[in-house]
Amino acid sequence: MMHKNFVEELRWRGMIHDLTPGTEEQLSNEMTTAYVGIDPTADSLHIGHLVGIMMLKHLQMAGHRPLALIGGATGMIGDPSGKSQERNLLDEATLRHNQECLKLQLAKFLDFKTEAPNKAALVNNYDWMKSFSFLDFIREIGKHITVNYMMSKDSVKKRLTAENATGMSFTEFTYQLVQGYDFLHLHQHENCKLQMGGSDQWGNITTGTELIRRKLGSEAKAFALTCPLITKADGGKFGKTESGNIWLDPEKTTPYAFYQFWLNCSDEDAAKYIKIFTLMTRQEIEKLEQEHQQAPHQRQLQKALAQEITIRVHGEEALQLAEEASQILFGKGTTDALRKLDEKTLLSVFEGVPSVEISRDIITETADIIEFLTTHTAIFPSKGEARRMLKDNGVSLNKEKVKDDLQVGTADLLNNKYILVQKGKKNYYLVRVV
RNA sequence: GGGGGAGUACCAGAGCGGUCAAAUGGGGCAGACUGUAAAUCUGUUGGCGCAGCCUUCGGAGGUUCGAAUCCUCCCUCCCCCA
């Protein structure tokens with residue numbers, strides 16, 4: 001019933017950073033339950049969550065049982081390992097709402113419905129932490145782990161010894177123990193034997209395995225597996241753009257923007273990401289890489305990557321629209337091509353492009369381009385910036401560069417109703433005259 | 001509780017009475033080159049009616065012709081000792 005060797009699969013995909021001894025044996029011996037934690041800080045996943053989810057996906061495909069753990073409790077504390085500050089408490093209603101939304105998105109990757117024994121499940125540590133009293137916690141859990149052990153974790157050491165040490169609250173210090181307890185709880189209630197996560201979670205995960213070993217004895221089996229943190233070749237943070245996170249929720253990140261994100265990856269990143277974020281086989285990927293090398297300008301890797309993820313998250317139809325829009329905006333498209341589009345096509349193509357409405361008088365009166373870009377449409381936050389960008393040759397109307405002395409008039413309208421404004425090469429805005 | 005240090009633009013970090021809208025680096029944005037890539041080079045990075053003016057250097061007052069720079073109080077953070 002084990003279709004594939006899970007660890008082997010992750011290994012060639014470059015998704016293994018570290019694992020505890022015996023992990024592979026455990027996975028080849030029996031169907032194993034494993035989990036990945038997700039913070040429910042928003043009502044949508046973003047692509048930073050995708051690595052963990054893909055690990056669960058491969059796990060399930062290999063015949064094992066995936067658990068997605070919503071960190072309702074831990075998410076309120078904040079991991080001391082850096083970036084995240086201590087967080088605020090979410091009220092329970094918000095937490096449950098987020099949980100439901102996340103589950104719908106997870107269902108695009110994991111099978112929560114199958115009759116097979118390895119059906120995916122969603123759990124929330126708030127459910128078992130909320131009524132766990134402090135006193136009970138320190139008596140039952142805290143006494144099994146020494147402070148010395150906890151202090152030896154990198155995440156903690158860094159906070160204590162760093163040059164610019166900012167101190168660490170008791171709450172943050174406790175984080176690893178609370179997370180460790182999750183593993184113990186799942187071990188006892190769900191027969192969960194493996195926790196997975198990013199390599200920054202190694203310390204927290206091993207606190208869990210250690211807690212299980214000390215509390216349940218050395219015959220209790222608990223393993224850890226981490227994947228490397230996803231990076232960009234240029235050192236930037238993965239998954240962020242100037243406009244923020246890339247979300248899976250089409251309301252937060254349009255399918256067009258989502259598709260564009262992947263299409264825009266550098267060659268180096270695309271080769272790495274395609275292994276992590278798609279299910280293409282090794283042969284398929286190697287073939288693509290060869291094709292890419294022979295004709296790099298065609299960007300086969302980026303296209304394949306963008307296609308597969310966009311379909312999985314947003315569906316076939318959304319992908320098609322995103323591709324069409326990209327073709328018109330970035331292809332050989334000219335003003336003429338734009339003018340030929342009928343209104344319906346134009347609207348569907350630009351669905352994912354931010355749009356602004358302005359009143360018709362502004363155009364019939366003919367508007368100064370700077371006024372048009374700032375006060376009327378708010379495409380630029382300040383006139384100075386608009387002026388600067390115009391001087392730098394960075395603004396186009398309907399795909400034609402414009403100068404700062406232009407008067408915008410009805411002649412610039414597409415379908416007598418729209419103007420396509422372009423800020424730089426990649427930022428489009430559809431201005432709609434009403 | 002005692003002693004010391006720090007808070008400057010997106011971040012890091014200079015400046016310590018006028019020449020400061022504030023060095024430098026990073027980041028961002030744009031342009032050139034390209035393949036909607038990377039690297040590189042260039043420009044730009046508070047606002048406006050832009051050779052001028054207005055609002056900024058934790059907060060509130062004060063000294064001075066003039067303060068990011070000096071004084072007072074407050075807030076926040078860090079370090080060391082107890």
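As the structure is a prediction and not an experimental result, all values here were calculated from the model. A note on names: the letters A, B, ... follow the listed sequences, proteins ahead of strands, and every chain is numbered from 1.
Ionic pairing of A:D43 and A:K252 is present here: one or more N-O contacts between side-chain nitrogen and carboxylate oxygen are shorter than 4.0 angstrom. Looking at A:R96 and A:D127, a side-chain N of the basic residue comes within less than 4.0 Å of a carboxylate O on the acidic one, giving a salt bridge. Here A:K303 does not pair with A:E323 in a salt bridge; the nearest charged N to carboxylate O distance is not below 4.0 Å. Salt-bridge check for A:E24 with A:R11: passed, with a basic side-chain N closer than 4.0 Å to an acidic carboxylate O.
In terms of position along RNA chain B, the nucleotide closest to A:K401 lies nearer the 5' end than the nucleotide closest to the other residue of the pair A:K401 and A:Y259. Annotation: of the two residues near RNA chain B, A:Q260 and A:N393, the 5′-most nearest-nucleotide partner is A:N393.
Between A:R388 and B:G47, a side-chain N or O to OP1/OP2 separation shorter than 4.0 Å is present.
Rounded to whole Å, the distance from CG on A:D404 to P on B:C50 is 12 Å. Atoms NZ (A:K426) and C1' (B:G28) sit 13 Å apart, rounded to a whole Å. The CD atom of A:Q302 sits 11 Å away from the P atom of B:U36 (whole-angstrom rounding). Atom NE2 of A:H297 and atom C1' of B:C33 are 17 Å apart (whole Å). Atom C1' of nucleotide B:G49 and atom CZ of A:R387 are separated by 9 Å, given to the nearest angstrom. A straight line from CD of A:Q300 to P of B:A37 spans 17 Å, rounded to a whole angstrom. For the pair A:L329 CG and B:U36 P, the computed distance is 13 Å after rounding to whole Å. Counting to the nearest Å, the C1' atom of B:G28 and the CG atom of A:D392 are 14 Å from each other.
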Under the rule of Watson-Crick or G-U wobble with both distances under 3.5 Å, where | means paired to another strand and [ ] a crossing pair, RNA chain B maps to ((((((((.[[[..)..(.....]]]((((((.......))))))(((...)))...[[[[[..)....]]]]]))))))).

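Between A:V433 and A:Y418 there is no side-chain heavy-atom pair separated by less than 4.5 Å.
The gap from the C1' atom of B:A60 to that of B:A51 amounts to 37 Å, rounded to the nearest Å. For the P atoms, the distance linking B:G31 with B:G25 amounts to 23 Å, nearest Å. A distance of about 24 Å separates the C1' atoms of B:A30 and B:A23, rounded to the whole Å. Spacing between B:A9 and B:U45 at atom C1', rounded to whole Å, works out to 10 Å. Comparing B:C29 with B:U63, their P atoms are spaced 47 Å from each other, to the whole Å. On the C1' atoms, B:A12 is 15 Å away from B:A6, given to the nearest whole Å. B:G17 sits 32 Å from B:U44 when the C1' atoms are compared, rounded to a whole Å. A gap of 12 Å separates the P atoms of B:U69 and B:C16, to the nearest Å.
Residue side chain A:K425 reaches the base of B:U34 through a donor-acceptor N/O pair under 3.5 Å, judged by distance alone.
Among B:A30, B:U36, B:G35, the nucleotide with an atom closest to any side-chain atom of A:M389 is B:A30. Which of B:U45, B:G31, B:U36 sits closest to the side chain of A:R299 comes down to B:U36. Closest to the side chain of A:P296, out of B:G31, B:G35, B:A37, is B:G35.
Checked against A:F183 for a ring-ring contact (aromatic ring centres under 6.0 Å, His included), the options A:Y35, A:W128, A:F223 give a single hit: A:Y35.
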Step-by-step side chain to side chain donor-acceptor pair (under 3.5 Å) determination, A:S326 to A:Q260: CA-CA 8 Å; A:S326 304; A:Q260 279 290 324; 2.8 Å; yes

Let's go through A:H58 and A:L279 carefully: what are the C-alpha distance in whole Å and the side-chain angles of both, what is the deciding distance for side-chain contact (heavy atoms from CB on, under 4.5 Å) to 0.1 Å, and is it a yes or a no? CA-CA 9 Å; A:H58 286 294; A:L279 295 175; 3.6 Å; yes

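Proximity of the aromatic rings of A:W262 and A:F277 is defined here by a centroid distance below 6.0 angstrom, and this criterion is met. Between A:F350 and A:Y256, the ring center distance fails the sub-6.0 Å criterion.
Both tests pass for A:K103 against the ring of A:F112: distance under 6.0 Å to the centre and angle within 45° of the axis. Both the sub-6.0 Å distance and the 45° axial angle are satisfied by A:R214 relative to the ring of A:Y149. A cation-pi arrangement, defined by a distance under 6.0 Å to the six-membered ring centre and an angle within 45 degrees of its axis, is absent between A:K423 and A:Y428.
If you check residues 262-275 of chain A against RNA chain B, the residues with a heavy atom closer than 4.0 Å are A:L263, A:N264, A:C265, A:S266, A:D267, listed by number. Within residues 377-385 of chain A, the residues approaching RNA chain B are A:S382, A:K383, A:G384, by heavy-atom distance under 4.0 Å.
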